[in-house]
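The structure appears right after this line, and notes come after that.
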Amino acid sequence: MAKSLTLDAFLEKKEEVKEQLPSPSEKARAEEVLEEAPAEEAEEQPSAAPYAPEAQNLEFAYLVSASYDGKRGKAVLKFYEPKSQKSYLWFDNTGHRPYCYTNLSPEDLECIEKVRTHPGYVSAEVAEKYDPLTDSTVQVTKVIATDPLAIGGKPNSLREVIPKERPDAKVWEADIKYYDCFIYDRQLVPGMPYRIENGKIKPVDWSAPEDALKSLEKVLFDEPAESQEFAKKWIELLEYPVPTYRRVSIDIEVGTDIPTRVPDAREAKYPVIAVAMYSSDGLRRVLVLRSRPEYLPKVEEGDAELEVEPEYFDSEKEMLSEVFEVLRDYPFVITFNGDDFDLRYLVHRAEHFGFSRDELPIELGRDSALLRHGVHVDLYKFFFNRSIQVYAFGQRYRDITLDDIAYALLGVGKVSLEKPVSELSLRELARYCYNDAKITYMLTSFGDDLVMKLITIVARVSKLPMDDVVRQGISNWIRNLMYYEHRQRNWLIPRSEDILQLKGATVTEAVIKGKKYRGAVVVEPVPGVHFNVHVLDFASLYPSIIKRWNLSYETTRCPHEVCKKNLVPDTPHWVCTLRRGISSLIIGSLRDLRVRWYKHRAKDPSLPEDLRNLYNVVQLTLKVFLNASYGVFGAEHFPLYCPPVAESTAAVGRYAIIRTIEKAKSLTIPVIYGDTDSVFLENPPPEKVEELIKWSYEELGMELDVDKVYRYAAFSTRKKNYFGVFPDGSVDIKGLAGKKRNTPEFLKKAFEEMIEILSQVNSPEDFEFAREKIKQIVQTCYNKLKRREYSLDELAITIVLGKSVKEYKKTTPQHVKAALLLPEEKLETLGKGDTIRFVKVTTKDGVKPVEIASIEEIDVDKYVEYLETTFEQVLDALGIDFSEILGYTRLGEFFGKK
DNA sequence: GCGGACTGCTTACCT
DNA sequence: ACAGGTAAGCAGTCCGCG
C-alpha cells in the first residue's frame with residue numbers, strides 16, 4: 001500500500017464522501033438529484049443552464065428519456081429530433097404534481113398534524129378507482145404534494161408519516177418514481193415520436209398499414225375481441241420505424257504508479273492520460289496527455305501505426321474541456337462501464353480542476369452517470385442483463401467484458417497489451433484507447449444498429465426511459481409495463497402485502513429443498529441412440545398457459561363464489577370466470593404477437609430487408625419479456641408477486657406435458673425424452689404427429705409444434721444431457737461436460753473432435769467406424785496426459801467467483817482454495833464475477849492457480865477421472881465402456897488405486 | 001482414528 | 001434480484017467399527 005508522495009495536493013474529498021453514503025431509501029434518481037439541491041432552495045435557484053434547447057415547437061421528435069428537474073420542480077422529457085439529430089428538452093407545463101393514494105378521507109388526513117403542516121403537502125381530494133383485488137369500485141383519497149420527496153424517499157415523507165400516525169391507514173402507489181408516474185398519466189410511450197405544438201405534446205398521426213391490420217385480424221381470428229383490439233394497439237407501437245441515433249462512444253485511460261490497481265473513480269487522483277471518441281457521424285479522435293506528473297513512468301512517443309493521429313495536450317484541464325464539449329454535442333453517449341468508471345472519473349477529475357458540477361454535461365447518481373441533455377448508454381449494464389445475454393444474444397458471450405462481448409458479437413478483439421497502460425508509448429496508448437472506443441461504438445452499430453433498436457423497442461414495450469432500459473432488469477421492465485396498464489384503466493395498483501395476505505400460500509411441494517412450489521416435469525430419458533427424432537414443443541408454454549387459463553394476481557383465487565369450481569389441475573386454486581385477468585391479457589397478447597406474427601414476418605422474404613430486421617428486433621424483445629413473464633410472479637421482490645399464479649402456471653405445464661406424453665403413447669409413438677415443454681418422439685409416422693398436434697390444440701387449447709428433427713439423438717441415463725445431429729450434420733449439444741465453460745481446454749478440444757466424428761454418422765452401420773475413431777481420440781488424450789504433454793493453460797479449470805473470496809464462510813470450494821494461494825495484491829482485486837483459473841496438483845491443497853503452478857506437480861490421475869466423466873456421458877449412449885478403451889493400460893492402476 | 005454414507009454448498013447447465 | 005429441476009465435484013459431518 002505504498003502511498004505516492006508526489007501526488008498533488010488537490011485531493012479534496014468532501015463531495016465523494018457524500019456520494020459514497022448509501023442513499024437513505026429509494027434509488028430513485030430524481031430523488032438523489034434532489035438531495036444535492038435541497039427542496040427549499042429550489043424556488044430561489046435560477047433554472048439549470050440549458051444543456052439542450054427547450055422545445056416549444058417541434059414537428060417530429062422521438063421521446064427518449066424522462067427525468068425530474070429538481071431546480072424547476074418539474075418533470076422533464078428528453079426528445080431526439082432525427083432531422084437535426086439533436087436533443088431537445090421539454091419541461092412540464094401542465095401543472096402535474098406528485099401524488100399517492102390513501103384510504104383515509106381528506107378530512108381524516110387533514111386532522112393529522114404532521115400531514116397538514118408537512119412542507120410538501122398540497123391537498124387531498126376524493127378519487128374513484130377500481131380495486132382489482134376485491135373486484136369493486138372504491139373511493140380513495142389522492143394526496144398531492146409539491147415534490148417527489150414529499151411523497152416518498154425521506155423519513156418524514158407522507159408515505160411514512162401517514163401510516164405511522166394512523167396505523168389503520170393504507171397508502172398506495174407511493175413508491176413509483178415521479179417521472180414514471182408522469183409518463184403513465186400522460187400515457188406517453190418512450191421510443192415513440194411526438195410533435196410539440198406551442199409547448200403541448202401530441203402524438204404523431206400514424207397507424208399501422210391497413211393490410212397489416214387485416215392480416216393480424218386473420219391470424220388472431222380465434223381470440224376474443226378485447227385481445228384483438230389490444231394486439232392492434234401494440235402493433236402501432238412495434239411497427240413504427242426506429243431512427244438512427246447520432247451518438248459518440250468514449251473511452252478513457254488513467255495513468256497510475258501502481259499498475260495492478262484500478263484507479264478509484266470517486267477519488268480521481270490520477271491524471272486522465274488518453275481519451276478516445278468514435279461517433280456515428282464520422283468523428284474519430286484520440287486525445288493524449290503529453291505532460292505527465294513525475295510519478296508516472298517516462299515514455300516515448302513511439303511509432304505505432306494509427307487509424308487517426310493523436311492530438312497531444314500539455315494541459316489535462318484543456319483536454320477535459322475538449323472532451324466535455326464533444327459530449328455536450330451528442331444526444332447519445334455510449335460507454336462500456338461509464339456509469340462506474342469513465343464518466344464518473346471525468347466528473348470528479350474535472351472538479352479537481354475547478355469545474356463546477358453544474359457546468360458539466362454529466363449528472364452523477366449513486367450508480368449512474370447520466371447526460372443532462374440526452375441518453376448515456378452504458379453497454380456494460382445492458383450486456384450484463386441476464387435476459388439480454390441469454391434470450392436476445394443466445395449466450396453467445398459468456399463474460400461481461402468488452403473483450404469477450406466484442407469477440408463473440410463482432411469477431412474482433414482488443415489490442416493485447418504487454419505492459420501496463422501507464423508504460424505504453426504515447427502512440428501505443430492512443431491505439432489501445434482508440435480501439436476500445438471504436439469497439440464500444442461498434443457494439444451499438446452491428447446488425448444494423450441492433451442494440452440501439454433493442455433498447456428502443458424495450459422502451460416502447462416497458463414504457464421506461466431509455467436510460468432506465470439500459471440500467472434496469474427484466475422484472476422492472478415488466479413491473480413498469482404492468483403499472484402503466486393499470487393507470488390507463490384507472491385501476492388502483494395493489495400493495496404487495498395485500499396480494500400476499502390474500503393469496504400468499506402455495507400447496508405443492510418442490511422437488512428441490514427450499515423452493516416454494518413444484519416446477520416442471522423432466523422425463524427420464526431412454527438411453528441409447530435413436531434415429532429420426534422429432535422434438536415437439538409448446539410454443540411459449542407458460543405464456544400460453546397464463547393466456548388460456550386467465551391467470552393473473554386478481555383472477556387467481558378471485559372473490560367470486562361462482563368461480564370456485566374453475567379449478568387449476570392438481571391444485572386447490574381456482575380462476576375467475578367473470579373478468580379477464582390483466583396479466584393474462586398483456587402476456588397473452590405479446591405471446592400471440594410473437595408466435596403468430598413477428599416470428600413469421602421476421603423471416604418473410606417478400607418483405608423489405610429493413611422491415612424484416614425491425615421485426616426480428618421486435619420478436620427478440622418479445623421473447624425476452626415472455627420468457628420472464630411467468631417467473632416474476634414467483635419472485636418475492638416483484639411488486640405483483642403472487643405465488644398461486646406461478647404455482648398454477650407450473651401445474652398446468654406439468655398437466656400439459658404429461659397428458660401429451662400419454663396421448664403419444666396411446667398413438668404408439670415411443671417417447672424417449674421430455675423436459676418442461678417438449679417431447680422427443682422416436683421415428684414417429686407423420687400422420688400421427690399431425691394427430692398429436694391437433695389433439696393438443698383441441699384438448700389442451702395449446703399450440704404444439706415440431707420444433708426440430710434430428711437425424712439421430714443420443715441419450716445417457718442423465719436428464720438434461722444429450723446431443724442431437726441434424727440432417728445437415730450440425731450438432732445440438734445440451735448439458736454435456738464437454739461444452740461447459742469450466743471444462744479444461746484439452747477436454748473441450750477432444751470432445752469437439754468426437755462430435756465431429758459423430759456428426760458424420762448417417763446410419764446405425766456408421767457407428768462401427770465412429771466407435772473406433774472415438775476410442776482413438778480418448779486413447780490419445782489419455783497418453784498425452786500421462787506423458788504430461790498438455791500445457792498448464794490447456795489443463796486449467798476456469799470457475800467464476802459467485803461472491804468475493806472473503807464471503808465463503810460455509811465451505812471453501814476448490815476455486816476459492818486456489819484463489820487464496822494467489823499473491824496478496826492479486827487477491828485484493830478479485831470479486832464477484834471474476835474467474836479463477838487453476839489446475840489440479842498433487843501438493844497439499846490439491847489445487848493451484850495457473851499463474852504459480854508448474855507442469856511437474858500436475859495430478860494426472862485426477863485429470864484421467866475428468867476425461868472419464870466427460871466422455872462417459874456420450875460413451876454411455878453409444879454403448880462403449882470407458883475402461884474398455886484404456887484396456888490394459890488402465891488395468892494396472894485399477895488394482896493399485898481402487 | 002479412519003473410511004464410507006450422507007447432506008449441503010457451489011457452479012453451470014436446461015427449459 | 002424471473003422461476004424450478006438436474007448434474008457434478010467437493011467440503012464437511014456423522015456413524016460404525018473391537
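Quick note: numbers below take in every heavy atom, side chains included, and nothing from hydrogens, waters or symmetry partners. Throughout, protein chains are lettered first and strands after them, A, B, ... in sequence-line order, and every chain is numbered starting at 1.
Distances were taken from every side-chain heavy atom of A:Arg718 (C-beta onward) to each of B:dA12, C:dA8, C:dC2; the shortest belongs to C:dA8. The nucleotide whose nearest atom lies closest to any side-chain atom of A:Lys817 is, among B:dT11, C:dA11, C:dG4, C:dA11. You'll find that the side chain of A:Tyr722 is closest to B:dT15, out of C:dC10, B:dT15, C:dG4. Distances were taken from every side-chain heavy atom of A:Lys734 (C-beta onward) to each of B:dT15, C:dC2, C:dG5; the shortest belongs to B:dT15. For A:Tyr808, counting side-chain heavy atoms from C-beta on, the closest listed nucleotide (B:dA12, C:dA3, B:dT11) is B:dT11. Across C:dG5, B:dT10, B:dT15, the shortest atom-to-atom separation from the side chain of A:Lys515 is found for C:dG5. Comparing B:dT10, B:dC14, C:dA3 by their nearest atom to the side chain of A:Lys720 picks out B:dC14. Of the listed nucleotides (C:dC10, B:dT10, C:dT6), B:dT10 has the atom at the smallest distance from the side chain of A:Thr811.
Among the heavy atoms of the strands lying under 4.0 Å from A:Lys803 are primed sugar atoms or P, OP1, OP2 only; no base atom is included. Nucleic acid contact for A:Gly519: sugar-phosphate only, since backbone atoms but no base atoms lie under 4.0 Å from a heavy atom of the residue. Residue contacts shown for A:Phe638 are absent, as no nucleic acid heavy atom lies under 4.0 Å away. Using a 4.0 Å heavy-atom distance criterion, A:Glu636 is classed as making no nucleic acid contact. At the heavy-atom level, A:Ala646 lies nowhere under 4.0 Å from the strands shown. If you check every strand for non-hydrogen atoms under 4.0 Å, A:Ile799 touches sugar and phosphate atoms only. Within 4.0 Å (heavy atoms only), A:Arg479 reaches no atom of the nucleic acid at all. The residue A:Tyr542 sits apart from the nucleic acid: no heavy atom pair falls under 4.0 Å. A:Asn721 comes within 4.0 angstrom of sugar-phosphate atoms only, judged by non-hydrogen atoms across all strands, and of no base. Among the atoms of the strands shown, none is found under 4.0 Å from any heavy atom of A:Ser629. In this structure, A:Thr649 reaches neither bases nor backbone, as no heavy-atom distance under 4.0 Å exists between it and the strands shown.
Along DNA chain B, the nucleotide nearest A:Thr676 and the nucleotide nearest A:Lys513 are compared for position; the residue whose nucleotide lies closer to the 5' end is A:Lys513. The residue among A:Val800 and A:Tyr391 whose nearest nucleotide of DNA chain B lies closer to the 5′ end is A:Val800. With the nearest nucleotide of DNA chain C identified for both A:Ala520 and A:His637, A:His637 has the one nearer the 5' end.
For the residue pair A:Glu872 / A:Thr869, no side-chain donor-acceptor distance below 3.5 Å is found, with atom types taken as modelled. Residues A:Asp570 and A:Tyr655 bring no donor and acceptor atom of their side chains to less than 3.5 Å of each other.
Checking the phosphate oxygens (OP1, OP2) of B:dC13, no side-chain nitrogen or oxygen of A:Gln395 falls inside 4.0 Å. OP1 and OP2 of C:dA11 both lie 4.0 Å or more from every side-chain N or O belonging to A:Thr812. For the pair A:Gln814 and C:dG9, the criterion of a side-chain N or O lying under 4.0 Å from OP1 or OP2 is not met. In this model, the phosphate group of B:dT10 is not approached by any side-chain N or O of A:His815 to a distance below 4.0 Å at OP1 or OP2. Regarding contacts with the backbone of B:dC13, a side-chain N or O of A:Arg398 is found under 4.0 angstrom from either OP1 or OP2.
For the ring-ring contact (aromatic ring centres under 6.0 Å, His included) test, residues two or more places apart in sequence or in another chain that qualify with A:Tyr808 are A:His815.
Other residues, nucleotides and ligands contribute at most 12 non-hydrogen atoms within 6.0 Å of the CZ atom of A:Phe384.
Across A:Val461, A:Asp592, A:Val618, a single residue satisfies side chain to side chain contact (heavy atoms under 4.5 Å, CB included) together with A:Trp234, and that is A:Val461. Each of A:Asp339, A:Asp340, A:Asp378 was compared with A:Ser368 under the side chain to side chain contact (heavy atoms under 4.5 Å, CB included) criterion, and only A:Asp339 meets it.
Spacing between atom NZ of A:Lys719 and atom P of C:dG5 amounts to 10 Å, rounded to whole angstrom units. Atoms CG (A:Leu820) and P (C:dC10) sit 17 Å apart, rounded to a whole Å. Here B:dT11 presents its P atom at 10 Å from CD1 of A:Ile836, a figure rounded to the nearest Å. The separation between A:Asp675 atom CG and C:dT6 atom C1' is 9 Å, rounded to whole Å. Residue A:Arg386 contributes atom CZ, which lies 12 Å from atom P of C:dA3 at whole-angstrom precision. In this structure, A:Trp477 atom CH2 and C:dA1 atom C1' are separated by 14 Å, rounded to whole Å. Look at NZ on A:Lys739: it is 15 Å from C1' on C:dT6, rounded to the nearest Å. The CD1-P distance, from A:Ile545 to C:dA3, rounds to 18 Å in whole Å.
In this structure, the side chains of A:Arg741 and A:Asp399 come closer than 4.5 Å at one or more pairs of heavy atoms.
A cation-pi arrangement is absent between A:Lys623 and A:Tyr391 under the rule of less than 6.0 angstrom and at most 45 degrees off the ring axis.
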